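Okay, structure first, notes after.
Note that the coordinates shown come from a computational prediction; the quantities given were computed from them, not determined experimentally. Whatever order the structure lists ligands and atoms in, that order sets their numbers, starting from 1.
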Amino acid sequence: MTISVTGATGGLGGRVARELSARGLEQRLIVRDPARAPQLPGAEVATASYEDSEAMARALDGTNTLFLVSGYEDPDRVSLHRKAIEGARLAGVERIVYTSFMGAAPDATFPYARDHGATEQAIRDAGISLTSMRNTLYADAAPRFVRPDGVIRAPAGHGRVAWVARADVARLAAVLLTEPGHEGQIYDVSGPHAIDLHETARILTKATRRAITYHAETLAEATESRAGHPDWLVDSWIGSYLMLDTGEGSVTSHTIEHLTGQRPMTLSEFLAAEPSSFAHLT
Ligand SMILES: NC(=O)c1ccc[n+]([C@@H]2O[C@H](COP(=O)([O-])OP(=O)(O)OC[C@H]3O[C@@H](n4cnc5c(N)ncnc54)[C@H](OP(=O)(O)O)[C@@H]3O)[C@@H](O)[C@H]2O)c1
């Protein structure tokens, strides 16, 4: 069975590739720039960009199972994903393990969750078996929510999130890619427990040793404080907080511990394990 991994030059795909390599498995890394591909035992490299379905099909030739990392923030991201999926279909890929988002659905509050729902559907429409990892917000991203003045300003109310570390998501992905029984399955993927942004700020304060607080913005404040950015990006940023307030992004799942046998890290444990994630705050 050939496993191919996209996004291997990035944070999540790179971790997944290292997990597979550490298990002694062979894999193919699909990258845009081979010079930046990680050098790993058992890994070969093929070059393709999601935009180019034919190049994706060539790069994926002989692949049974594909780890497909979602592309960068873009208003037309679903079209990009459709092209990558078309490449997988042309190559005869049987199953895609896709990095979706919690609450993925056509009517989700968070615009990216709507995009992920459309991408999941595109995989099914291509006749490819989908294993969906509906990840919540990455713990790795939490320090980036803090503004330079030490305040997290967001319209999340008292909404909660079970921050999940990419390292734990990657451990789960390795299981989903290599063990049987995950065809056609959808998994909510989260850290061990949900906390609100006041608690998040307290944990960041302790880790960074600088005062960090949370200010729950009104919708009007949230729009005003992000003025000057494109509307689609502002809608996405605001939506990422509103989905905590509605509870759509607050689900806590036992998927990682259940399927990997190891409890995922809390936000505190993640910050202790990866202090480089908050270096910009110290
Ligand atoms: N749950 C969350 O909180 C959260 C937060 C941030 C992002 N995300 C999503 O999760 C994904 C993975 O996260 P990450 O931390 O690994 O992101 P990352 O470090 O930015 O890596 C993204 C990877 O996707 C590749 N890529 C992007 N567009 C591509 C294209 N058109 N064709 C081929 N490859 C392409 C990049 O390749 P290059 O190196 O060539 O650019 C890179 O390897 C992100 O892309 C984003 O969709 C989720």
Check: Is the His116 to Tyr98 ring centre distance short of 6.0 Å?
Finding: yes

Check: What about the rings of Phe145 and Tyr241, do their centers lie closer together than 6.0 Å?
Finding: yes

Check each N or O atom of ligand 1 against all protein N or O atoms and list the pairs under 3.5 Å, with atom names and distances to 0.1 Å, one per line.
residue: ligand 1; atom: 1 (N); partner: Thr136; partner atom: O; Å: 3.1
residue: ligand 1; atom: 3 (O); partner: Tyr138; partner atom: N; Å: 2.8
residue: ligand 1; atom: 10 (O); partner: Tyr138; partner atom: OH; Å: 3.2
residue: ligand 1; atom: 15 (O); partner: Arg166; partner atom: NH1; Å: 2.7
residue: ligand 1; atom: 16 (O); partner: Gly11; partner atom: N; Å: 3.2
residue: ligand 1; atom: 16 (O); partner: Leu12; partner atom: N; Å: 2.7
residue: ligand 1; atom: 19 (O); partner: Gly11; partner atom: N; Å: 2.8
residue: ligand 1; atom: 31 (N); partner: Arg32; partner atom: NH1; Å: 3.3
residue: ligand 1; atom: 31 (N); partner: Glu51; partner atom: OE1; Å: 3.2
residue: ligand 1; atom: 31 (N); partner: Glu51; partner atom: OE2; Å: 3.4
residue: ligand 1; atom: 32 (N); partner: Tyr50; partner atom: N; Å: 2.9
residue: ligand 1; atom: 37 (O); partner: Thr9; partner atom: OG1; Å: 3.4
residue: ligand 1; atom: 39 (O); partner: Thr9; partner atom: OG1; Å: 2.6
residue: ligand 1; atom: 39 (O); partner: Arg36; partner atom: NH1; Å: 3.1
residue: ligand 1; atom: 39 (O); partner: Arg36; partner atom: NH2; Å: 3.0
residue: ligand 1; atom: 40 (O); partner: Arg32; partner atom: NE; Å: 3.0
residue: ligand 1; atom: 40 (O); partner: Arg36; partner atom: NH2; Å: 3.0
residue: ligand 1; atom: 41 (O); partner: Arg32; partner atom: NH2; Å: 2.8
residue: ligand 1; atom: 41 (O); partner: Tyr72; partner atom: OH; Å: 2.6
residue: ligand 1; atom: 43 (O); partner: Gly7; partner atom: O; Å: 3.3
residue: ligand 1; atom: 43 (O); partner: Thr9; partner atom: OG1; Å: 2.7
residue: ligand 1; atom: 43 (O); partner: Gly10; partner atom: N; Å: 3.1
residue: ligand 1; atom: 45 (O); partner: Ser70; partner atom: O; Å: 2.6
residue: ligand 1; atom: 47 (O); partner: Ser70; partner atom: O; Å: 3.4
residue: ligand 1; atom: 47 (O); partner: Ser70; partner atom: OG; Å: 2.6
residue: ligand 1; atom: 47 (O); partner: Gly71; partner atom: O; Å: 2.9
residue: ligand 1; atom: 47 (O); partner: Arg77; partner atom: NH1; Å: 2.9

Item checked: Main-chain N/O of Val78 paired to Arg82 side chain as donor or acceptor, under 3.5 Å -> no

Margin query: Using only atom types and a distance under 3.5 Å, with no angle test, would you say the side chain of Ser250 pairs donor to acceptor with the backbone of Arg160?
Written below: yes

Notebook entry, point to check: Among pairs that include at least one residue of residues 177-193, which meet side-chain hydrogen bond (donor to acceptor under 3.5 Å, both in side chains), considering only residues two or more places apart or in two chains?
Noted result: His182-Tyr187

Check: Do you know which two heavy atoms are closest between Leu281 and Ile212, and how far apart they sit?
Finding: CD1-CD1, 4.2 Å

